[in-house]
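Please read the structure below before turning to the comments.
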Amino acid sequence: MTHSVLCERHGAVLLITLNRPKANAIDAPTSHAMGEAFIDFANDPSLRVAVITGSGERFFSAGWDLKAAAEGEAVDADFGRGGFAGLTELWNLDKPVIAAVNGYAAGGGFELALAADLIIAANHAQFFLPEATLGIIPDSGGVLRLPRRLPQAIAMDMLMSGRRMAVEEATHFGLINRHCEGDVLIEQALAWAQEIAQSAPLSLASIKAITRATQSMELEQAYGHMRESVPVYQTMLHSEDASEGPNAFAEKRTPHWQGR
């Protein structure tokens with residue numbers, strides 16, 4: 001892993017830090033490195049939850065590196081297997097990812113946070129998508145994900161004007177899950193990740209896979225699709241872990257998950 005992307009293990013949790021001062025902007029090589037970090041996380045059975053954050057206190061990420069763009073990097077450059085920032089198009093990642101937003105999440109940085117499953121933000125964080133003011137659009141998920149996460153009128157305002165959303169408003173609309181003072185952000189994010197990591201890995205994978213596969217379906221159709229077309233759901237139902245959970249509860253002990 002390059003120095004621009006730092007990975008640190010905390011038991012079953014992987015902390016991934018985007019480390020490109022001052023703004024943690026993402027060029028194509030950095031995006032490739034982030035993708036490799038997320039793919040390594042996906043393929044390591046000892047890791048169950050990832051936390052993605054930025055270095056410093058001002059920027060989570062300013063998004064696409066406009067200096068690289070000015071030097072010739074194309075807007076549709078190859079950003080790696082996971083799409084821009086390594087996560088925005090990593091469709092089959094069935095492990096939870098928490099975005100710990102330590103400052104401004106701008107443009108592609110906001111899109112990176114939107115690609116995570118959960119968001120905890122420092123109280124001074126801000127979220128915005130300035131692409132329309134720069135002659136482009138946030139096509140690494142922003143224009144697609146934001147209207148699914150916010151009331152459409154609010155999302156359209158942010159997309160079209162580039163206005164900033166502070167933590168209070170983001171909390172009000174349910175865009176973020178939690179917020180805290182910046183000096184305890186990573187501590188709280190890791191504690192939250194450790195809590196989630198206590199759940200059975202196949203259960204977590206099933207939740208992500210089912211949600212991803214059925215979110216645009218009517219309820220009756222979603223039931224059928226879950227039962228017939230989501231392989232990890234059937235794997236979970238008939239797994240050793242599905243027996244271990246009730247046994248551990250009855251025996252008043254902590255379950256020992258095998259992921260099988």
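We count residues from 1, following the sequence as given.
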Query raised in the report: What is the minimum heavy-atom distance between A37 and L14, and which atoms define it?
Result: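 Looking at all heavy atoms of both residues, the shortest contact is O-CD2, 4.2 Å.
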Query - Charged tip of R178 within 45° of W192 ring normal and under 6.0 Å - result: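 Judged by the rule (NZ or CZ under 6.0 Å from the ring centre, within 45° of its axis), R178 counts as positioned above W192.
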Query raised in the report: Tell me the side chain to side chain donor-acceptor pair (under 3.5 Å) pairs involving residues 6-15, sequence neighbours left out?
Result: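 Residue pairs with at least one partner in residues 6-15: E8-H10, R9-D44, R9-S46.
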Can a salt bridge be assigned to the pair [X] and [Y] using a cut-off of 4.0 Å between side-chain N and carboxylate O?
X	Y	answer
R260	D241	no
D27	K67	no
E169	R163	yes
R81	E36	yes

Query raised in the report: Do you see a donor-acceptor pair shorter than 3.5 Å between the side chains of S55 and N19?
Result: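 The answer is yes; a qualifying pair exists.
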Query raised in the report: Do you reckon L175 sits in the same ILVMFWY cluster as L112, going by side-chain contacts under 4.5 Å, direct or chained?
Result: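 Same hydrophobic cluster.
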Are any side-chain N or O atoms of [X] and backbone N or O atoms of [Y], one a donor and one an acceptor, separated by less than 3.5 Å?
X	Y	result
R20	S4	no
R58	A23	no
K95	L47	yes

